[in-house]
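The next block holds one structure in the form of structure tokens; read it before the comments.
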Amino acid sequence: MVQAQAVRQLSYIQAVNEAIRQEMERDETVIVMGEDIAGGGDREDKQDAWGGPMRLTKGLVGDFGRQRIRDTPISEAGFVGAGVGAAASGLRPVVDLMYVSFFGVCADQITNNAAKIHYMFGGKVNIPLTIMTGIGAGTGSAAQHSETLYSIFTHFPGLKCVVPSDPYTAKGLMIAAIRDNDPVIVFNNRQLMGIRFDVDVPEEAYEVEIGKSNIAKEGTDVTLVGIGYTTKVCLDAAAELEAQGHSAEVLDLLSLSPMDDEAILESVQKTRKIVIVDEDYPRCSIASDISALVAEQAFDYLDAPPRRVNPPHAPVPYSRPLEALWVPNKDTVVEAALGVLE
Amino acid sequence: MVQAQAVRQLSYIQAVNEAIRQEMERDETVIVMGEDIAGGGDREDKQDAWGGPMRLTKGLVGDFGRQRIRDTPISEAGFVGAGVGAAASGLRPVVDLMYVSFFGVCADQITNNAAKIHYMFGGKVNIPLTIMTGIGAGTGSAAQHSETLYSIFTHFPGLKCVVPSDPYTAKGLMIAAIRDNDPVIVFNNRQLMGIRFDVDVPEEAYEVEIGKSNIAKEGTDVTLVGIGYTTKVCLDAAAELEAQGHSAEVLDLLSLSPMDDEAILESVQKTRKIVIVDEDYPRCSIASDISALVAEQAFDYLDAPPRRVNPPHAPVPYSRPLEALWVPNKDTVVEAALGVLE
Amino acid sequence: MTTHSTMNKDTLLWMYSTMVTIRRFEEQSRREADAGKLRGMHSSIGQEAVPTGISAHLRDNDFVLGTHRSHHHCIAKGVDINEMMAELLGKATGTNSGKGGTMHIADINKGMLGANGVVGSNIPVATGVGLSAKVRGTDQVSVVFFGDGASSQGVLHESMNLASIWKLPVLFVCENNRYAESTPFEFTVAGGSISNRAAGYDIPGVSVDGQSVLEMFEVGGEAVARARRGDGPTLIEAQTYRYHGHFGADDPLGYRSEEEQEYYMDRDCIKQLTAHIIENGFAGEDDLQSLDEKALAAIAEAVRFADESPFPDDADLMTDVYNTYA
Amino acid sequence: MTTHSTMNKDTLLWMYSTMVTIRRFEEQSRREADAGKLRGMHSSIGQEAVPTGISAHLRDNDFVLGTHRSHHHCIAKGVDINEMMAELLGKATGTNSGKGGTMHIADINKGMLGANGVVGSNIPVATGVGLSAKVRGTDQVSVVFFGDGASSQGVLHESMNLASIWKLPVLFVCENNRYAESTPFEFTVAGGSISNRAAGYDIPGVSVDGQSVLEMFEVGGEAVARARRGDGPTLIEAQTYRYHGHFGADDPLGYRSEEEQEYYMDRDCIKQLTAHIIENGFAGEDDLQSLDEKALAAIAEAVRFADESPFPDDADLMTDVYNTYA
Ligand SMILES: Cc1ncc(C[n+]2csc(CCOP(=O)(O)OP(=O)(O)O)c2C)c(N)n1
Ligand SMILES: Cc1ncc(C[n+]2csc(CCOP(=O)(O)OP(=O)(O)O)c2C)c(N)n1
Ligand SMILES: [Mg+2]
Ligand SMILES: [Mg+2]
């Protein structure tokens, strides 16, 4: 039984919803676009029938109306591109890309326009665009609805990429993203939406700084780097390691681009061992990137090779037992940690 | 003055062209699709007006006709998707994606269909599709026509990614790609198309095995990993290092997915030092991936931290002096190598 | 699968059986989902007539490509329901060896080239299948189903253009079930008609009552014949309706009215075909009753087959990523 | 820039000057390229009338979005040619501080929201600019130019649909110069008409002689007024011609005939406007001559400015990636 300690406990979904609502109240240039973010089309008696596929935008249409809460056709290139144009000309759009796997129909707008305009135009135009998107396996949705893919967006200069790990960071990073003058992608893991967190979410608007990680648990023997859902996996693994007499530090990455290199290096200089737990595909991943960073910049501190825990180099399988093998879990993390600790 | 030693010297462009021609002769299910790969539309007297923007397909329409050499509308999602469908149903299509930066309009077809169908369908359908695409900066084409991006395709399980470094490997990898029963992306660096290589290109069809790298130059003191154009940069750097008394081994990666981990590890176990030279953006790059591989699997052999040489985390600038700073060159590689050698 | 391309008793009973099998399969799948044996699925109940009327004209080596909502496409194309049910349950004996699941069912031997979870994504693939038939010189036909929502994906337009200029044997079949998730199609489709868009690409665009399998049969027959003749693609907009929620959990009354539901359910495709068969004396109620029972028995057998089948081995996680590895 | 929205002498002379300036600018750019000072560019010679006729109706705070071939869009919208030439030469004083170059020229103060090197890519961006005007409650207008080749990008269709259902103040202006690289447009555009596609999206589609700046002016005026009134988008297909090769190096006679070239060059937009001005007595040959000389002098000054400007500092490589760094 979980004993609630938090003064103001919200679900991940409520936290995101509150962030958007507060920014829309504060700044009338904030609008939201996406498929079924309200629902019901223009039928007066059927408004807000959906509220977003993950209910992240539930209730907003009632308060802000159809001018600012815009249900779109299933035209991601069209409306993400529209988000870029709106951002370049006076609005601060939030665009919902339901699942990150759908990036493929609108990648041009994200990578060639959102990411590059500020640079290509010599810094004279800003793209204050927020894209929020659902990531993560574990829900039986198979290969095309379970990817994580934050690594490929981190690859592109000009984009900022953040991955909240709980309701507190979900609210604070969403607000920071909306206020940021650069394009920011917020990756929301769907498994986190079903978990009850005992964390306090302040009612007033606040920002979690983009570019900063957070030590979710202090420790001395090994650094576990978690990202979004895997931060929870790391915390569970740390508890188990603790029981086995090992003190694990859990670094919650939060921001992939820019990345908090200093915090990672600092933690590793203390613990001298690192396990990076990443739900994205292994090749050219953020896990590889962090491993390379540590290998290059903390080489002399390392007592063991840096270790990556990723899913295998395979698409996400549908069948439940196979999918369970695919996603990194507490046991695989404990095993990897024990591997570097021995 | 270059003294030609090669018995049969072809340009990079001629080598690719010959590969396609020979495969089309051998196998009538091979077709080619892309924009202006022939040119001239259906005007009888204007056939082959273009031959591809890089002239890779010049002359083919005359020999194989418009049924098999298909100029497409500018609809990359449409015709890359058509390549997937054709591959699933009895053809062996070669699709030309002119510049890799245009991936963003057709990424869905590549990452959700080409990459995943074989797995999602339980291995019962093959996608023998070849995509060839132009990469690389250095031509004054600015941010949207100069990217490399092989890292993000390497990220996706189900895709194979190869990067030729000269006319010999260009022909052999292209043939191997066309014959492969999996989707293969061939990344052709545009700077390589303007260089004269003193390598022998056999007239008969041959394959360069996908998944294998090549030691382009043996050495003992440091391993330089090159990819496509940067293999040339590494060879130039190795010559300069040699002059300074350092023996550099140059490993020409050739295949990013699958990657020849063994060869990399073997070379590093010998030289105990590694510099990876990659023209893709630095974050979550193939350079990071190789660095992480080496850090994890050859940790005890390393005498110095693995070192990555990438462009900076910035889009490709237009202005000539800035672009020259952006692309890795001999001097930056020599400097990095001296850094790990000291 | 035998082709049923003339409208006789055989064809009518094949269509009846097919539609009933689809409906019973979907009802059972829903029960399996409710029991937690699969985690959601998009039900095709209400839309049975659309693929049935078209697939009557198709051969095993013609191709069908589907959507996230494709159980009816698969069954109409002759995919084995035992293997389909096993796939829904993630079993090794499934059509896709358990790796694909409800949104990706495929059986190339039956010409079912796959459901696809990305809206619109199969449209260009189908165009390529048509291209393949043309280049290989066969008279195979490629049929792609997609929803009203999918009509807003640019790739539909790219593909209609491509199929038109290359005269490919492709049927673009829009199942306009009036909603994309909770959004009514008039809210997102400018002009309110999908078939009207065909004119801009110089191909025939037909709107047809998708609740009438007889009309679907007729329109499908013409389009398939046109494609086989080498005269190029057709866009068909079938006016249909999904009876259940989008995915299962949602209550459609949140975004649509009871009257609207009743209107469509009154014109239910199975009901209409039943009346036609009985009234015209093609068969009696008993005959249909026995077809119903056969369908139910087949579904029960499919569940038994699926339940008794094993899950994939752990090692299967890493097979089928590629044909060949390094 | 002053708006020239009634057709009087001022407007005619502004259009004349603008078109001549574009042509001289492009001729000079070509010389700069031949001298190796830039590495290629897409010349807009022949297409001057299209943006000129439309931009006459635009204010500084209206927006234009262009393509890889956009020098004429920029000049017609009032972008400073000194800064443009400096940008072509990669200088720090360029419109984009040297970072963008020929395919990305932008000047937000003049409402030029950028050329774009990816075919079709600016179309949805322009739709978003129209959305922004609407949500902010201004009467600004958004104009996007694209080629005949770009009409095959799905995003055009997505954007026409979106602009139609949301009634956005957007002009979709297709410069049909009859070729995409070496491919004649009839070879890839099913039905042979781009403006015909508008009907499927319930928006007006107009085909206009793009060699006649007077016709462009008229059609542009109607579409701009319609957008400002809040009545939604228009698709304009301007029939035009590029005189030079696609990029510079290519010889257009490889894919088109001399007769065809002559046909269009005979109907040259500057020639036609000159005749109109003289015949109707709006100005004399001397007046036009002096405008020509002014244009040439301005171009010479632009080259001088660009040549004397410095390249960016090395440190500029890493600025402007973001507004804020961690
Ligand atoms: C590219 C893409 N965008 C969004 C989705 C999420 N999605 C799945 S089904 C659906 C609605 C589809 O509507 P429609 O095409 O009418 O098909 P229907 O569900 O009515 O059969 C949406 C938005 C998706 N799968 N792919
Ligand atoms: C998405 C994309 N595909 C291909 C290209 C390469 N490309 C550049 S210009 C061009 C032709 C464009 O033709 P059109 O739209 O008619 O414009 P025009 O050059 O005639 O002005 C092509 C294929 C590109 N830049 N972007
Ligand atoms: Mg629908
Ligand atoms: Mg053109």
Side-chain angles (χ1 to χ4, degrees), chain A residues 77 101-113 115-116 119-120 142-144 147 149-158 256-259 276 280-300 302 304-308 312-315 317-318, chain B residues 77 101-113 115-116 119-120 142-144 147 149-158 256-259 276 280-300 302 304-308 312-315 317-318:
Chain A
S101 288
F102 310 157
F103 91 98
V105 298
C106 58
D108 177 54
Q109 293 303 319
I110 301 174
T111 66
N112 278 325
N113 292 338
K116 297 190 174 79
Y119 191 84
M120 289 194 307
Q144 292 178 336
E147 288 172 298
L149 300 189
Y150 41 50
S151 305
I152 64 172
F153 296 96
T154 298
H155 187 62
F156 285 92
L256 276 60
S257 181
M259 188 161 77
I276 308 137
D280 208 349
Y281 300 123
R283 301 293 317 280
C284 303
S285 60
I286 189 74
S288 293
D289 213 51
I290 295 172
S291 174
L293 170 78
V294 168
E296 274 183 49
Q297 305 209 10
F299 190 69
D300 295 333
L302 287 172
R307 183 77 163 261
R308 293 167 290 174
H313 184 65
Y318 171 75
Chain B
S101 287
F102 309 157
F103 91 99
V105 298
C106 57
D108 177 54
Q109 292 303 319
I110 301 174
T111 66
N112 278 324
N113 292 338
K116 297 191 174 78
Y119 191 85
M120 289 194 306
Q144 293 178 334
E147 287 172 300
L149 299 189
Y150 41 49
S151 305
I152 63 173
F153 296 96
T154 298
H155 188 62
F156 285 92
L256 277 61
S257 182
M259 187 160 78
I276 308 137
D280 207 349
Y281 300 123
R283 301 293 317 279
C284 304
S285 60
I286 190 74
S288 294
D289 213 52
I290 296 172
S291 175
L293 170 78
V294 168
E296 275 183 47
Q297 304 208 13
F299 189 69
D300 294 332
L302 287 173
R307 184 78 161 260
R308 294 167 288 174
H313 183 66
Y318 171 76

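Order of the sequence lines fixes the chain letters, A, B, ..., with proteins taken first and strands second; residue numbering starts at 1 for each chain. Owing to the predicted nature of the structure, the values given are computational and were not obtained by experimental measurement.
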(request) Count the heavy-atom pairs under 4.5 Å between each of A:Ile152, A:Leu149, A:Asp300, A:Val105 and chain B, then report the option with the highest count. (result)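 Maximum pair count with chain B is reached by A:Ile152.
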(message) Looking at chain B, which one of A:Asp280, A:Thr111, A:Ile286, A:Ile110 has the largest number of heavy-atom pairs inside 4.5 Å, strictly under?
(response)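 Most pairs with chain B among the choices: A:Asp280.
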(request) Would you check, one step at a time, whether the test side-chain contact (heavy atoms from CB on, under 4.5 Å) holds for B:Asp108 with A:Phe103? (result) CA-CA 7 Å; B:Asp108 177 54; A:Phe103 91 98; over 6 Å; no
For [X], is it the side chain, the backbone, both or neither that has a heavy atom under 4.5 Å from a heavy atom of chain A?
X	result
B:Ala77	neither
B:Thr154	both
B:Ala304	backbone
B:Tyr119	side chain
B:Leu256	backbone

Validation row: [X], [Y] side chains within 4.5 angstrom (heavy atoms):
X	Y	value
B:His155	A:His155	no
B:Asn113	A:Gln144	yes
A:Ser257	B:Arg283	yes
A:Glu147	B:Phe156	yes

(request) Output all residues satisfying side-chain hydrogen bond (donor to acceptor under 3.5 Å, both in side chains) with A:Arg308, sequence neighbours left out; order by chain, then residue number. (result)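 With neighbours one apart ignored, the set is A:Ser288, B:Glu296.
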(request) Looking only at non-hydrogen atoms, find the nearest pair between A:Pro157 and B:His313 and report the distance. (result)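 It is CA-CE1, 3.4 Å.
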(request) Please report the shortest heavy-atom distance between B:Ala295 and A:Pro305, naming the atom on each side. (result)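 Nearest pair, atom of B:Ala295 first, then A:Pro305: O-CB, 3.4 Å.
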(request) Identify which of B:Ala142, B:Pro317, B:Ala287, B:Cys106 forms the greatest number of heavy-atom pairs closer than 4.5 Å to chain A. (result)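 Heavy-atom pairs under 4.5 Å are most numerous for B:Pro317.
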(request) Report the option among B:Cys284, B:Gly104, B:Ser291 that has the most heavy-atom pairs separated by less than 4.5 Å from atoms of chain A. (result)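 Option with the greatest count: B:Cys284.
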(message) Donor-acceptor pair, distance only, cut-off 3.5 Å: does the side chain of A:Asn112 make one with the backbone of B:Ser101?
(response)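 Here the side-chain-to-backbone pair exists.
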